[in-house]
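Notes follow once the structure below has been shown.
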Amino acid sequence: MAAVITVRAPFALMRRLVSLRLHKRCCSKVQSACLVYHPHSYSLIAGQQQRFFRTSYVAARPVMPFKLSDIGEGIMEVTVKEWYVKEGDKVSQFDSICEVQSDKASVTITSRYDGIIRKLYYDVDSIALVGTPLVDIETDDGQVEGPQEDVVETPAMSHEEHTHQEIKGLKTQATPAVRRLAMENTIKLSEIVGTGKDGRILKEDILNFIAKQTGAILPPSPFQEICPPPPASVAPSTPAAKPREKTTPSVPTPVIPKPVFTGKDRTEPIKGFQKAMVRIMSAALKIPHFGYKDEVDLSQLVRLRSELKGLAESRGVKLSYMPFFIKAASLSLLHFPILNSSLDENCTNITYKAAHNIGLAMDTNQGLLVPNVKNVQMLSVFELAVELNRLQTLGTSGQLGTVDLTGGTFTLSNIGSIGGTYAKPVILPPEVAIGALGKIQVLPRFNHKDEVVKAHIMNVSWSADHRIIDGATMCRFSNMWRSYLENPATMVLDLK
Amino acid sequence: MILRLSNRACVLSGSARLKSTLSTCFDEMGKAGIILKSASTGIFENLALEDWIHDHVDLQNRSILLLWRNSPVVVIGRHQNPWQECNLPMLRRLGIPLARRRSGGGTVFHDFGNINMTFFTSKKKYDRHRNLKVVTSALKALKPDLDVTATDRFDILLNGHYKISGTAAKLGRTSAYHHCTLLCSVDRSVLSSVLKSNTSEVIRSNATPSVPSPVKNLSDVDPTLDSDTIMEAIASQYNNEFGFDSQVITVDPAHEALMPGIHKMSKDIQMWEWIYGKTPKFSVCASLVVDDVNVKLDMDIKSGIVEQCAVEIPEDWLPPETVNEFTSTLNGSKYCPNEAAVLLAAFVRTRSMSAGVAGKIQRLCEGVLSVM
């Protein structure tokens, strides 16, 4: 490698002045010259001159400087904006190496060779001159015919381009690694639709093709049925002969090519929303949970909501069942304030929170969010619906701020909107209780007249901190909450 | 291939034949120049359409002009910093999306009053001045006394002073595209307010800066110059200039069968890692006032992720260990107010603190989030 660089130095100036084609010829002259001009390096590597390009005694493979080609419009210099590779990376022909920018034009430089990146000549934000080396690539043997520069356009290249467009054409574009994978699985490249650049066949295309193939492979038994009967059946009618024929195993077991599973495990760091959830749930482990489940008959509430839905919409608000559930919880918390409290770290003090900031578990496409409605004890059902709409809109558009995400004292999770009946929710510290609501099902129940009637039944699953809350408290709270919802008229008496 | 002809537009539908893509349709048409118009007004679909044509269509012996318009969106250049270029909180409030294109250049605001034109050619035939000549000639053909000129920086100026068009380009291995905007009847008040960053003073970066210029709409000088009229004029001038004879063909970028892989391309450029994550390394140095206390915030951001976060707070206001935990919560997270809010909320939940401290932390969070 040292020999190559020293040879180039005297030609650095010439390089800038000559044109593309002249440069090509010049380079080939340089290569032939390296055997003659530097006798000292020649003698060091005297015994290893079998291959024309093996100029280094350390690396057995040639390292080609890959030069920045002409961009057009007479541009002589560009700014290197981003590297897609680093030293030591393996690249294939046509892989992107870097992005450079000049005068509002962004240019993607792609590799001319398959090989390993050995040197990056420029840092990000530095100016690169056209015609100077961008990277050094250590190439595989036998790839280094032709000019060293990435030639902008030749008739041969455009012909290649054209045939690459045809999937079933004469030539299919794929890197050597991909070709090997196809060969190992006896797949014809012409049968695969490439989804890479210019219709190039990627590794994923081969894997998808294999996956489709493995799905079609049948289990062993049908093969034996399809196999032809044994040849020694001259008189098939004799019943004595038949059982004997059946017991003799003259049919060879079929050999099915083993499907190749090339799936790989994928490890990625935990970050963002997931990291937040890991942190909160790990802290929740310290809380001894107990669960309490019950069934609520929402028939009357369903009727009430259908009556009020139209009125709410005329005021521009979507009314669901949640405002009722939340308000009922708040009314019950007034009688059981210990469920709206917080235990300090050393378990020495309980803080009874005055405000009922009831949190709503929200499922967004990024993960779990739990914004809370502040001071539910002061809000009407309609105001609650307005606030829920606001939080819902902000949550889906990713605009919830810290004010809405902190300060919660009690949480409800409407998992039933997606599905499920009973759950075992995890308390979100520093709170001490949480409720999960299942889906509303229409089920038969007995009424007070011993008749079977249609009832809208929902299951609720509470979890509470057993260090300060006992089962009886949770049970009474749940009963009160349930009675508000089963007889919504009673809420009217206690609404503030 | 079904070609439905209606006046000057034809619609291509690839459902008739399997494996018939837009590329093969062009090959069969055998024309040297093709004019396309996008049926979509979604920025991500249209940017994906540009990329698909650039990657899959043979442009060595053929040139293409693509005309497209979008619903309101801010588009930043490949190597730009969105925090420096536009008012992100305002964009979020107004529900205006942000997109990053693959070509270089500066930040622009699109809405239905703006026409986008993309000139696809081989690298040999890449000539931005000639493309802009098509635009200026087309406009002059509509209104002969219109003073529109193209500058050295590939802008188009109206009356020598107002910018009505900006340019950007992308060069690949064998082909290139040059696209530009044209202000016909854009909402100028929205344009000027969204393109003014609220945090540019606190950002230090080497990203490509935009050069702000005074702008004007073509409809301001002549109300008859609306988008449809201008697009027709540009199409016919393109034919004149290059000697082509193409009609305007409508293409629907949502047509995956016609353009295999385009749906994934459209999804890829909607990812946070592309739009925000591709911002070159930058640092934020802000002085905030929280509860009448001066707080100094220093953050280093690379690939959109906070690599280093330091906060200088008077020790009597918040204990240093709490402050350290606060900053370490932000380290390694996306420079994104939503994610930061969620992580900080988890921090507040899991770290036991008095109500007073919790309130201070919350207000500090608000301050930090305001610069994101």
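Letters A, B, ... are given to chains in the order of the sequence lines, protein chains preceding strands, and every chain is numbered from 1.
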Q. Under the 6.0 Å and 45° cation-pi test, does B:Arg173 pair with A:Phe94?
A.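 The answer is yes; both the distance and angle limits are met.
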Q. Between B:Phe120 and B:Tyr126, is the ring centre distance below 6.0 Å?
A.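 Aromatic pair excluded; centres sit 6.0 Å or further apart.
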(Q) Under 6.0 Å between ring centres: does that hold for B:His129 and B:Phe154? (A)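 Ring-ring flag for B:His129/B:Phe154: true, centres closer than 6.0 Å.
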Q.
If I measure from the heavy atoms of chain A, does B:Arg92 come under 4.5 Å with its side chain, its backbone, both, or neither?
A.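 Both parts, heavy atoms under 4.5 Å.
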(Q) Does any backbone or side-chain atom of B:Val348 lie under 4.5 Å from a heavy atom of chain A? Answer side chain, backbone, both or neither. (A)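 Side chain only.
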Q: Any chance you could measure B:Ser266, atom OG, to B:Met259, atom CE, to the nearest 0.5 Å?
A: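 Interatomic distance, B:Ser266 OG to B:Met259 CE, rounded to 0.5 Å: 11.0 Å.
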Q: State the CG-CD1 distance between B:Asp51 and B:Ile262, to the nearest 0.5 angstrom.
A: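 Answer for the CG-CD1 pair, B:Asp51 versus B:Ile262, is 8.5 Å.
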Q: Mind ranking B:Leu369, B:Ile305, B:Asn206 by heavy-atom pairs under 4.5 Å with chain A and telling me who comes out on top?
A: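 Among B:Leu369, B:Ile305, B:Asn206, the one with the most close pairs to chain A is B:Asn206.
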Q | NZ/NE/NH1/NH2 to OD/OE distance under 4.0 Å, A:Glu99 and B:Arg102 | A |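 Salt bridge absent between A:Glu99 and B:Arg102.
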Q | A:Asp404 and A:Arg390 ion-paired at < 4.0 Å | A |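 Yes.
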Q) So which of A:Gly367, A:Ser102, A:Pro429 has the biggest tally of heavy-atom pairs under 4.5 Å with chain B? A)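 Winner by heavy-atom pair count: A:Pro429.
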Q.
Heavy-atom pairs under 4.5 Å with chain B: which of A:Glu345, A:Glu431, A:Arg279 has the most?
A.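 Heavy-atom pairs under 4.5 Å are most numerous for A:Arg279.
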Side chain, backbone, both or neither: which part of [X] has a non-hydrogen atom closer than 4.5 Å to chain B?
X: A:Ser397; answer: neither
X: A:Ile280; answer: both
X: A:Leu428; answer: both
X: A:Val403; answer: both

Q. Out of A:Thr351, A:Asn340, A:Asn357, which residue meets the side chain to side chain donor-acceptor pair (under 3.5 Å) rule with A:Thr409?
A.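 Only one of A:Thr351, A:Asn340, A:Asn357 forms a side chain to side chain donor-acceptor pair (under 3.5 Å) with A:Thr409, namely A:Asn340.
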**Q.** Contacts of residues 77-85 of chain A with chain B (heavy atom under 4.5 Å)
**A.**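 Near chain B, by residue number: A:Lys81, A:Glu82, A:Tyr84.
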Q: Would you name the heavy atoms of B:Leu288 and B:Val371 that are closest together and state the gap between them?
A: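 It is CD2-CG1, 4.3 Å.
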Q: Go through the steps for B:Lys360 and B:Asp291 under the test salt bridge (charged side-chain N to carboxylate O under 4.0 Å, His left out), then give the verdict.
A: CA-CA 8 Å; B:Lys360 286 179 187 172; B:Asp291 285 357; over 6 Å; no
